[in-house]
Each structure stands twice: as C-alpha cells, then as structure tokens.
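Just below is one structure, and these are the notes that go with it.
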Amino acid sequence: MSVERYNARAIEPKWQRIWDEKGVFRAVDDPKQPKYYVLEMFPYPSGKIHIGHGRNYVMGDVVARYKRARGFNVIHPMGWDAFGLPAENAAIERKVHPRAWTYENIDTMRAQLKLLGLSLDWDREIATCHPEYYARQQSLFVDFFSEGLAYRKESDVNWDPVDHTVLANEQVIDGRGWRSGALVEKRKLSQWFFRITAFAEDLLAGLDTLDRWPDKVRLMQRNWIGRSEGLTFTFDLEDADGNLIDDKLTVYTTRHDTIFGASFCAVSPDHPLAVSRESAIPDVAAFRREFAALGTSEEAIERTEKRGINLGVYARHPFVEGLRLPVYAANFVLMTYGEGAIFGCPGHDQRDLDFARKYDLPVIPVVMPADADAATFAIADEAYVQKEGDNTVLINSRFLDGMSVPQAKEEIARRMEGAGAGRRTVNFRLRDWGISRQRYWGCPIPMVHCEACGVVPVPKDQLPVLLPDDATFDKPGNPLDHHPTWKHVDCPSCGKPARRETDTMDTFVDSSWYFARFCSPRAAEPVKREIVDYWLPVDQYIGGIEHAILHLLYARFFTRAMQRCGHVGLAEPFAGLFTQGMIIHETYKDPAGNWLFPDDVTRHEDGSVTVTATGAPVSVGPAEKMSKSKRNVVSPEEIVDTFGVDAARWFMLSDTPPERDSEWTQAGIEGAWRLVQRIWRLVGETSALAGGEVAIDAYGPAAMDLRKAAHKALSRVGEDIERLRFNVAVAHIYELANTIGTALQAMRGENAPDVAAALREAVELLVRMAAPMVPHLAEECWTVLGRETLLAATSWPEVDPAMLVEDTMVLPVQVNGKKRDELVIARDADNAAIERAVLELDGVRKALGGAAPRRVIVVPQRIVNVVA
RNA sequence: GCGGGCGUGGCGAAACUGGUAGACGCAAGGGACUUAAAAUCCCUCGGCCGCAAGGCCAUGCGGGUUCGAGUCCCGCCGCCCGCACCA
C-alpha cells in the first residue's frame with residue numbers, strides 16, 4: 001500500500017487554527033482545579049527571532065502540553081521584555097522612535113513565535129513598555145518606597161564625558177566609551193536603590209528550599225550573596241614619628257586568627273583615609289585617578305596588577321606592643337565590601353602575598369598543616385590557605401600557638417570584644433540593587449523633588465507617570481532630562497513648582513514581577529491577590545544560564561518585597577527552574593573575510609563548502625551562538641516552510657541534552673523530517689491494516705512483545721518528560737517506532753488479528769506520547785486513526801503495569817569485575833539459586849579455571865560478581 | 001583575579017542511587033528495490049589481535065577507595081560561562 005507524504009505546510013496551520021478557535025490553551029482562573037504554571041523567560045523584542053530562540057519555548061511547550069494531558073489547569077503565557085537600550089540606540093542611529101521600533105519588532109516576533117505552534121495563552125500577552133504594565137510597576141515602587149525598600153544614595157557610575165551619559169560595563173572598552181571613544185571616568189551620582197540586602201539572609205536561606213533548581217545555580221547565588229562571619233575591629237593610627245593621630249582605621253576580616261601574620265593594612269582608594277591624604281601626598285591623587293579610570297567593573301579591578309601607595313600612616317598592632325603596620329591605599333580593596341579596609345596577611349592570602357612581595361613586606365606564616373614542622377614551614381610563591389576540614393595549627397602567634405584556626409578565631413574575637421575594640425559581624429558580598437538609569441526607554445521612577453518637601457512619591461491616583469512621546473535623541477545625555485516641559489511639575493505635597501525624577505528603572509525591574517502580572521494581566525492593581533495566590537509559584541521556569549544570578553535573584557527579592565507589601569503570599573516565585581543551552585551554528589566567511597548566511601553557501605559531497613553564487617571557497621568556522629553579526633542564523637520561516645515546524649521542534653529536542661548547547665545542522669533537520677514522515681507512514685499502514693479497535697481474548701507472543709514495548713516506551717517517555725530529558729524521550733520514541741516498523745513488516749501477508757490489534761494499540765500510544773513534541777502531526781494522525789476528539793485536549797494514556805513485568809530476567813555475570821557471561825533465570829529466583837546457576841555457566845567455569853570462587857556477590861535484579 | 005561548569009566512538013549522545021560502557025540519532029561503507037534517481041528497507045560501524053571461538057585495551061591525563069568506578073576521593077590538563085548599567 002502506498003501512503004501519501006505528510007504535508008506539513010497544509011496541515012500545521014490547520015491545527016493551529018483549530019486550537020485557536022477552540023481556545024484549548026486559554027488558562028482559566030479556576031482555583032478548584034490543580035494548576036501548573038509553565039513559563040519561559042520572556043524575550044527582548046530585538047527584531048527578528050532566529051531558530052535558536054525557539055529552543056526554550058519548545059521545551060516549555062512540551063512541558064505545558066504534557067501537563068495539560070496530565071489533567072492540570074496549565075497557564076503558559078507570553079510577553080515582551082520591551083524596555084531597554086537597543087531601542088534607544090535605534091532611535092539615535094535610525095531616527096525611529098523607540099516605541100515604534102519596539103512595537104514593530106513585537107509584531108514581527110509574535111508572528112514568528114506563532115509559527116512554532118506553541119500552546120500559549122495569547123490573551124495574557126503583556127509588554128513591559130506598555131503604560132498598563134509600567135503604571136503598576138510605579139505603584140509597586142511607591143509601595144516599596146513607603147516600606148523603606150527603595151531609597152537614594154550616592155554611588156559610582158561609568159561616566160562618558162563626551163556623550164554625557166552613564167555607560168554599562170560592557171560599553172566600556174579598554175577604558176573608553178564605546179560610541180564616543182572618550183576616556184571613561186568613575187563619577188559619583190545620586191541614584192535610586194532597592195534594599196535587597198534587607199533580605200540577604202532570607203534569600204540565602206530560601207535557596208535550601210529550592211530543590212527543583214539546578215545545584216549550580218543555587219551555588220552561584222549562594223556565592224553571589226557571599227555571607228561571611230568575621231570580625232570588625234579598629235586599629236589605632238600613628239604618624240611616621242609614632243604619634244597617635246585622631247583618625248582610626250576600622251577593618252573587616254574573616255581571618256582574625258592570622259592577626260600575628262599581619263604585615264600591612266590596605267584601604268580602598270575611595271576610602272576616606274585615602275581621600276584625606278590626597279592633599280598631603282600628590283601621588284595619592286594620581287593613584288586615585290588611575291583607580292577611577294578602571295571603571296566600576298569588579299572584574300576589571302580584580303584583574304589589574306595589585307598596586308598600592310603608602311599613605312604615610314601606621315596602624316598599631318592590637319596585640320604586639322611597638323609593632324606598627326604601614327597603611328596603603330590599594331587598588332584591590334573594594335569600598336563596597338566590608339569597611340573598605342583590610343589588614344593584609346601575606347602568608348595566608350594570595351592577593352596579600354602578591355602585594356607583600358611587590359612592596360617587600362614581611363611574610364610570616366602563622367597557620368600550617370597540623371603535621372608540618374613549624375621550624376621549617378615557609379611561604380614561597382603561594383599563600384597557604386587551608387581548606388575546610390584541614391587539620392591546622394597556629395604558629396608564631398604567641399597566645400594562639402598550638403590552637404586550630406577556629407579556636408584562634410574564637411580567642412581573638414573574645415579578646416577584641418572584651419577590650420571593646422571589635423565585634424563579631426556577619427557580612428555579605430551582596431550589595432543593594434542600583435536601579436537608576438539615565439535613559440529614556442524605561443519605566444519612569446515616580447518621584448518628585450521638591451525644595452520644600454524633599455523627595456516625594458507621586459500619589460497613586462496620579463499614576464502613571466507617562467513617558468513623553470516627543471523626546472529627542474540627537475543630543476547627548478538623558479532625553480527625559482532635556483525635555484523642555486516634562487520634568488516640571490507641581491509638588492504633590494505642597495503644590496509649589498518642583499522637578500520630576502528623570503531617572504528610569506533598570507529593565508531588570510520589569511522582569512522581576514512579570515510572572516505575577518501574567519496571572520491577572522489586565523487588573524487595575526499590580527496583581528489580584530486571590531488569582532496570584534492560585535497560580536503562583538511558577539512550577540517550571542525555563543531560561544538561559546546567563547540569568548542564573550541577577551535576574552533570578554532580583555525576582556526572588558521582588559517577590560519578597562511584594563510579599564511584605566501584601567501583594568503576594570509567598571517568597572519564592574519559581575518552584576522549578578531549568579536552564580537550557582543555546583542553539584549554535586557554524587560560521588562561514590568568503591575569501592574577502594565577509595560573513596555569509598548559511599543560505600548563501602553550498603556544501604558539496606566531498607565536504608567542501610563554496611559560495612553558492614560565485615563558487616568561491618568558503619572558510620568554515622566552529623559552531624557558535626547564533627548571532628546577526630556573524631550571520632550564522634537560520635530563520636524559522638524558512639525551516640517551517642521547508643520541513644514544517646514539527647520537524648524543527650523534534651530536532652531541537654533530539655540528541656543533545658537540553659541544558660547543553662546544541663548545533664543546528666542541515667543533516668539534523670533532515671533527520672527530524674524523516675522521523676515525521678516515518679510516524680505518518682506507520683500510522684497510515686497500521687490504520688489500513690487494523691481499522692478500528694478489536695477486542696482480543698488472548699495475545700500471542702509476538703503481539704505481547706509489541707504491547708510490552710509500547711507500554712515500556714510510554715512509561716519511559718512520561719518519566720523522561722517529567723525529568724526534562726527530552727533527548728532521551730526522543731530516543732525512546734525512535735525505539736518504539738523501530739519496533740513497530742519491524743512488526744509491520746513481519747505482518748505482511750499474515751492474518752494475525754492479535755498482532756494487528758497490538759499494532760494499533762502501539763501506534764496510538766506512539767502518536768500520543770509524541771504529541772507534546774510534534775503536536776500537529778499527532779493531531780493529524782489521531783484523525784487518521786479514526787479519533788474525533790482533539791488530541792491537545794485528550795488526557796495522557798495510562799500505562800498498563802502488567803505490560804512492564806517480565807517473568808525472566810537476564811543477569812550479567814562478572815568474574816572479578818569483568819563480564820564473562822549472562823544468566824537467564826526466573827525473575828523471582830532467590831540468591832542461592834542464582835549463585836548455583838552462575839557457577840554452572842560456561843563463561844564462569846572457564847574464567848575460574850577449576851578454582852573455587854572466594855565470594856559470589858549477587859546484587860538483586862542487577863548483576864552477579866564472582867570473586868576468584 | 002574570584003566564582004561556576006563541562007570533558008564518553010568519525011559526530012550529537014545514553015548509562016536510575018557505584019553494577020553489562022556506547023541505547024537512540026547523524027555521518028560513512030556495503031546490499032535490496034528501481035530503466036534511473038529520489039524515497040524506503042536490510043547489514044556493518046570504538047581500537048587492537050584473531051580464520052573463528054574469543055581475548056586485550058578503552059569514558060581528557062595520573063593516582064586512590066571498592067568484589068566492581070564514566071559515576072566517589074585526591075592531583076593535573078584542556079575548553080566554556082558569570083562577575084552587579086546588555087538582556
């Protein structure tokens with residue numbers, strides 16, 4: 001029999017239309033039903049999507065469709081992270097208004113996403129740049145402000161003196177502004193902050209409850225929060241002549257046990273003590289300027305060579321009479337951490353050691369492994385830093401000698417506290433979140449500066465503070481700031497003329513609560529409490545690993561802040577998190593070094609690649625993240641047009657584990673297309689052979705094998721999807737398709753109603769287990785099989801547990817850990833019977849060579865190992 | 001610099017909680033069908049030795065723990081990612 005080819009181009013839009021008309025993906029706010037919230041990180045509308053963007057949406061869609069089939073009320077929304085810098089750059093470069101540019105991109109990308117056949121509830125679509133959204137964000141800001149969670153303080157920014165603008169770290173290239181090329185200065189600006197540190201302890205503790213998050217993300221957040229327990233204490237200072245001076249130096253340390261190894265103190269170049277010496281020591285001023293030129297990136301600061309400058313003051317050692325430590329301003333000490341000042345112990349900190357070697361400062365080991373010899377223990381190029389659990393002993397430390405590190409810490413803390421010179425402190429690396437951006441295309445911060453009343457929030461009934469449409473982008477600086485009228489308002493408190501805040505919010509704010517807004521996207525308040533209580537938390541969140549720290553931490557903070565203001569009833573927004581890998585693609589360059597699109601090149605049989613138009617040779621680069629600039633992109637339209645979206649979805653789920661990067665190849669998409677055709681053929685041939693359901697009294701062995709294979713596959717695919725192991729689910733579906741194909745061939749010309757019935761059952765199960773991945777094909781097959789329901793609204797098939805058990809098992813048999821034979825035995829055989837049977841096996845007897853075994857280890861249902 | 005991750009055939013990979021390494025797919029080679037091609041189907045496919053039966057080696061490298069290690073521990077090597085104003 002011949003079966004016509006599956007015509008994806010005609011069939012896929014048909015089912016998309018039907019799903020849409022029947023509204024099967026609409027999420028209904030019905031607290032009586034068990035809910036499941038699937039969310040992929042929403043996209044920035046940058047222009048067009050390429051096929052690489054599709055991967056995480058497809059993964060989320062598989063989960064959404066599967067959970068729907070499992071009986072959950074699924075919410076699977078989509079929106080746009082629509083504020084941000086690129087829109088403003090487009091405004092500058094192409095003279096388009098950021099709004100027009102953004103909404104045009106949204107329209108393009110929405111149409112592209114719809115091609116992917118995602119089971120999204122488009123009725124809940126939101127865009128963060130829409131006043132409906134940012135109005136509510138401003139209202140949340142006002143709430144946070146009244147709770148003390150939003151405040152203003154001075155902080156450092158990268159300042160471009162030509163463009164009059166603040167630069168992102170990534171816009172600072174070799175110390176210069178990316179657009180102007182001007183040398184960037186670090187400058188203090190009064191900025192808005194969210195008090196994320198108020199939740200530092202809770203954000204850390206909360207990580208322990210997130211058992212469906214990847215360990216590595218939790219670890220990254222833990223390290224980012226950076227909780228440490230240490231000692232804050234104060235040194236007396238003296239001048240070069242040994243006279244006590246008024247200033248004191250407060251430091252924070254976690255290594256107070258090494259106080260007898262201290263050989264210097266160091267403060268940040270921004271520390272008041274360094275600033276105060278600026279006039280006295282000209283080099284200090286120069287050093288501070290140099291430090292400022294490093295910008296605000298912690299990476300740049302830590303990578304630079306460790307240098308310092310002697311401030312000409314000395315810290316008196318708290319325990320050694322007459323010992324004084326020179327105080328340096330050092331470029332590796334951050335003002336934002338601890339007290340902005342440290343004491344340096346070169347023996348036990350690599351940075352301190354590098355610094356000490358450079359400036360010829362003493363290196364005194366004060367901690368060594370417990371089994372080392374104090375007389376000979378010395379530090380060369382590497383500081384000795386003990387690991388947790390190491391057995392250590394203090395040396396060269398007077399009253400601490402012989403103690404372990406924890407004992408010594410305790411002793412110093414006790415003495416310092418007793419003397420009133422210090423206190424035990426808990427410190428965090430986490431800093432408050434600076435949200436001020438001196439930009440146009442963002443959510444205006446709803447505050448007014450009044451000379452009489454100070455900083456006053458815009459009352460909620462006067463929100464939103466709308467962005468003015470008529471901003472201009474041809475002048476450097478913040479368009480809101482030079483708008484002729486926008487910032488001039490009357491003070492909401494006293495009514496006198498006042499000035500609007502012209503900073504807008506970091507776009508991370510927009511993405512910190514969108515998942516909550518999706519629950520009640522058109523509500524007048526930010527969220528409707530009873531509805532958000534039903535839908536949250538997000539059960540499965542899917543996105544890139546690049547968001548492992550900032551976005552996820554900010555969203556966790558935001559949820560806590562909203563909880564404090566009564567908007568939500570929980571602290572953790574994302575119960576399950578999955579971080580997917582990117583789609584990558586080879587890059588192509590012509591002889592002149594121009595990047596080429598995959599479409600522009602031809603791959604020949606011998607593996608060579610040429611420019612299709614000219615025949616010129618192409619140099620092929622390794623697979624990299626798809627990017628417009630390198631042109632290694634594949635458009636979804638083209639793929640859908642040629643192979644259909646199901647083939648594309650299948651390919652994106654196949655082969656590579658979802659958390660790893662996956663390479664897009666022509667061979668891969670062709671293979672996926674073949675699978676689509678193959679399922680179609682299997683369904684066609686089977687339905688021709690076994691039209692409807694037939695009741696069978698007794699299945700023969702061939703039919704039973706088929707049924708068992710089908711139910712095993714069903715059981716595994718279900719587990720695989722639950723665990724998000726899509727590539728393994730795909731493999732199990734291939735396996736079943738192979739089994740069905742073989743059975744179909746064996747059936748040719750035979751009249752075996754039991755096998756025909758088993759085939760039909762197996763094929764139906766195949767279609768249903770593949771449905772979350774290739775939903776259009778599955779719907780069409782479902783129809784061919786004579787079913788009249790909508791598969792997208794049909795529940796997941798039940799596994800028949802009787803089909804999963806076998807009466808015999810095959811046990812691999814090892815001798816000394818090497819496999820020598822296999823034992824086929826009844827599943828319920830006891831260990832003694834297994835042992836006896838094993839020793840009879842040829843392979844075992846041969847390997848033993850007549851000797852008696854010393855031991856036989858039987859691992860039930862798994863393996864047998866004979867120890868000779 | 002600090003922090004995190006990864007490493008298995010020609011390629012993407014699988015291997016539950018320490019229990020048969022290489023399932024499944026891609027590529028390649030051989031064959032069937034066909035006037036021919038496409039499509040489809042069948043066979044082979046980690047390396048070495050062997051006519052075969054079979055044996056030895058093999059999960060980046062070097063050690064260790066264990067009856068048994070891709071999996072656990074220690075030490076290296078290589079690659080990738082994040083570092084607070086890109087989103």
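Inspection of the A:Gln438 and A:Asp481 side chains reveals no N or O donor paired with an N or O acceptor under 3.5 Å. Side-chain atoms of A:Thr296 and A:Asn169 form a donor-acceptor pair, as typed in the model, at a separation below 3.5 Å.
Using P as the reference atom, B:C42 and B:G25 are 11 Å apart when rounded to the nearest Å. B:A21 and B:G54 are spaced 16 Å apart, taking the P atom of each and rounding to whole Å. Nucleotides B:A53 and B:G60 have their C1' atoms positioned 35 Å apart, rounded to a whole Å. The gap from the P atom of B:U59 to that of B:C41 amounts to 35 Å, rounded to the nearest Å. Using C1' as the reference atom, B:G19 and B:C11 are 29 Å apart when rounded to the nearest Å. Look at the P atom in both B:G4 and B:C76: the space between them is 15 Å, to the nearest Å. Nucleotides B:C45 and B:A52 are separated by 13 Å at their P atoms, to the nearest Å. For the P atoms, the distance linking B:G7 with B:A13 amounts to 9 Å, nearest Å.
A salt bridge links A:Glu299 with A:Arg303; the closest basic N to acidic carboxylate O contact falls under 4.0 Å. The residues A:Lys216 and A:Glu659 are annotated as not salt-bridged, no charged nitrogen and carboxylate oxygen being separated by less than 4.0 angstrom. Remark: A:Glu835 does not engage A:Arg855 in a salt bridge, criterion side-chain N to carboxylate O under 4.0 Å. In summary, A:Glu822 and A:Lys819 engage in a salt bridge, as defined by a charged side-chain N under 4.0 Å from a carboxylate O. Taking a cutoff of 4.0 Å between a charged side-chain nitrogen and a carboxylate oxygen, A:Arg437 and A:Asp506 qualify as a salt bridge.
Using a 4.0 Å heavy-atom cutoff across all strands shown, A:Lys216 reaches sugar-phosphate atoms only and no base atom. Among the heavy atoms of the strands lying under 4.0 Å from A:Arg820 are primed sugar atoms or P, OP1, OP2 only; no base atom is included. Within the 4.0 angstrom heavy-atom criterion, no nucleotide atom of any strand lies near A:Pro43. Residue A:Val166 is in base contact, counting any heavy-atom pair closer than 4.0 Å across all strands shown. As judged by a 4.0 angstrom heavy-atom cut-off over every strand, A:Asp354 is placed among residues making no nucleic acid contact. Residue A:Ser662 is out of contact with every strand shown, counting any heavy-atom pair closer than 4.0 Å.
Seen from the ring of A:Trp224, A:Arg429 counts as a face-on cation partner, given the 6.0 Å and 45° thresholds.
A close approach under 4.0 Å does not occur between any side-chain nitrogen or oxygen of A:Arg431 and OP1 or OP2 of B:C85. Of the side-chain N and O atoms in A:Ser297, none sit less than 4.0 angstrom from OP1 or OP2 of B:C83. Phosphate proximity of B:C26 to A:Arg674: present, with a side-chain N or O under 4.0 Å from OP1 or OP2. Contact annotation: A:Asn727 does not reach the phosphate of B:C24 (side-chain N/O to OP1 or OP2, under 4.0 Å). The shortest distance between the side-chain N/O atoms of A:Arg660 and the OP1/OP2 oxygens of B:A13 is below 4.0 Å. Contact check, A:Lys818 against B:C57: a side-chain N or O comes under 4.0 Å of OP1 or OP2. Phosphate contact (OP1/OP2 of B:C85, side-chain N/O of A:Arg437, threshold under 4.0 Å): present.
Between the side chain of A:Asp655 and the base of B:G12, at least one donor-acceptor pair of N or O atoms lies under 3.5 Å. No N or O donor and acceptor, one from the side chain of A:Glu298 and one from the base of B:C83, sit under 3.5 Å apart. The base of B:C85 sits within donor-acceptor range of the side chain of A:Gln191, with an N or O pair under 3.5 Å. With hydrogens and angles left out, the side chain of A:Arg439 and the base of B:C85 share a donor-acceptor pair within 3.5 Å.
The A:Lys846 side chain lies nearest to B:G54 when the options are B:A14, B:G1, B:G54. For A:Asn738, counting side-chain heavy atoms from C-beta on, the closest listed nucleotide (B:C24, B:U40, B:C85) is B:C24. Picking from B:C85, B:A15, B:A84 the nucleotide with the shortest atom distance to the side chain of A:Gln438 gives B:C85.
In this structure, the CG atom of A:Asp821 is 13 Å from the C1' atom of B:G54, given to the nearest Å. Spacing between atom CD1 of A:Ile445 and atom P of B:C85 amounts to 13 Å, rounded to whole angstrom units. In this entry the distance linking CG of A:Leu577 with C1' of B:G4 reads 15 Å, nearest Å. Here the C1' atom of nucleotide B:G19 and the CE atom of A:Met809 are 14 Å apart, to the nearest Å. Protein atom CD1 of A:Ile549 is 12 Å distant from nucleotide atom C1' of B:G5, rounded to whole Å.
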Requested in this report: Kindly express the pairing pattern of RNA chain B in dot-bracket notation, using | wherever a base pairs with another strand and counting only Watson-Crick or G-U pairs under 3.5 Å.
Outcome: (((((((..(((......[....))).(((((.......))))).((((....))))..(((((..]....))))))))))))....
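The heavy-atom pair separating A:His732 from A:Ala713 by the smallest distance is O-CB, 4.2 Å. When all heavy atoms of A:Leu724 and A:Pro658 are compared, the closest pair comes out as O-CG, 3.0 Å.
Closest-nucleotide positions on RNA chain B for A:Glu302 and A:Glu822 were compared, and the one nearer the 5' end corresponds to A:Glu302. Nearer the 5' end of RNA chain B, as judged by each residue's closest nucleotide, is the contact made by A:Glu659, out of A:Glu546 and A:Glu659.
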